[in-house]
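One structure is given below, encoded as structure tokens.
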Amino acid sequence: MVLYCINYGVGDGLFATAIINIAIECLPTENRGGGFGLFQFLVGIGYIIGPILSGFIADVSGSYNYAFYTAGSLELIGGSISLALLCFEIPFVNRELDESSRFSTVLEFNITEKETVL
């Protein structure tokens with residue numbers, strides 16, 4: 001169970017960084033705020049339902065072990081679905097990306113010098 005908690009903590013820490021990049025890449029510029037907000041809303045629902053469900057499972061079974069088994073099973077099912085979707089070709093909307101939504105390997109800095117003359 002300790003290994004599960006360690007893996008969960010590391011995965012949850014990496015999740016936020018990955019999902020922000022995915023949201024930036026998949027959504028058009030004008031819909032990024034709303035799309036990312038909807039995603040965060042759905043994640044929040046999971047955070048609300050998870051403790052309630054695990055408490056119910058612990059009350060019914062008398063142990064938190066089954067709550068952890070349920071959480072692990074749901075994560076395995078979600079991961080399996082994600083991997084299965086990689087096997088199918090998903091058509092994306094053919095759209096032109098503007099310059100602000102393209103990632104480049106070269107960092108560009110815009111340096112502005114400001115002078116105050118009295």
Side-chain angles (χ1 to χ4, degrees):
M1 194 163 329
V2 172
L3 289 176
Y4 171 79
C5 290
I6 290 171
N7 285 332
Y8 181 81
V10 169
D12 194 41
L14 296 173
F15 174 74
T17 305
I19 203 64
I20 289 170
N21 288 328
I22 291 170
I24 288 172
E25 283 290 319
C26 293
L27 296 170
T29 305
E30 62 274 1
N31 294 336
R32 284 185 186 156
F36 192 68
L38 177 65
F39 175 77
Q40 289 295 93
F41 172 73
L42 295 174
V43 168
I45 288 176
Y47 284 145
I48 292 170
I49 293 174
I52 295 170
L53 180 62
S54 63
F56 175 75
I57 292 170
D59 286 343
V60 170
S61 67
S63 172
Y64 278 101
N65 287 341
Y66 293 109
F68 279 98
Y69 297 150
T70 303
S73 299
L74 291 173
E75 287 185 24
L76 286 175
I77 290 170
S80 299
I81 291 171
S82 297
L83 289 175
L85 289 175
L86 290 175
C87 297
F88 301 104
E89 184 177 335
I90 300 172
F92 289 101
V93 176
N94 189 8
R95 60 181 169 81
E96 290 294 323
L97 297 175
D98 62 351
E99 288 299 319
S100 65
S101 65
R102 293 185 185 177
F103 289 106
S104 66
T105 57
V106 179
L107 294 175
E108 297 178 13
F109 294 99
N110 188 5
I111 300 173
T112 304
E113 187 174 326
K114 195 173 189 180
E115 290 183 27
T116 304
V117 178
L118 296 177

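This is a predicted model, so every value here is computed, not measured.
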Tyr47 versus Asp12, closest heavy-atom pair with distance: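 Heavy atoms only, the tightest pair is OH-OD1, 3.6 Å.
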Shortest non-hydrogen separation from Ser61 to Ser63 and the atoms involved: OG-O, 3.0 Å
Qualifying residue for side-chain contact (heavy atoms from CB on, under 4.5 Å) with Ile45, from Ile49, Val43, Ile48: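 Option passing the side-chain contact (heavy atoms from CB on, under 4.5 Å) with Ile45: Ile49.
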side-chain contact (heavy atoms from CB on, under 4.5 Å) partner of Phe56, chosen from Asp59, Val60, Ile52: Val60
Spatial distance of atom CG (Leu53) from atom CD1 (Ile57) [nearest 0.5 Å]: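 Between Leu53 CG and Ile57 CD1, I get 4.0 Å after rounding to 0.5 Å.
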Derivation and outcome, side-chain contact (heavy atoms from CB on, under 4.5 Å), residues Met1 and Tyr64: CA-CA 11 Å; Met1 194 163 329; Tyr64 278 101; over 6 Å; no
Crowding at OH, Tyr4 (>12 non-hydrogen neighbours, <6.0 Å):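 For Tyr4, atom OH is crowded (more than 12 foreign heavy atoms under 6.0 Å).
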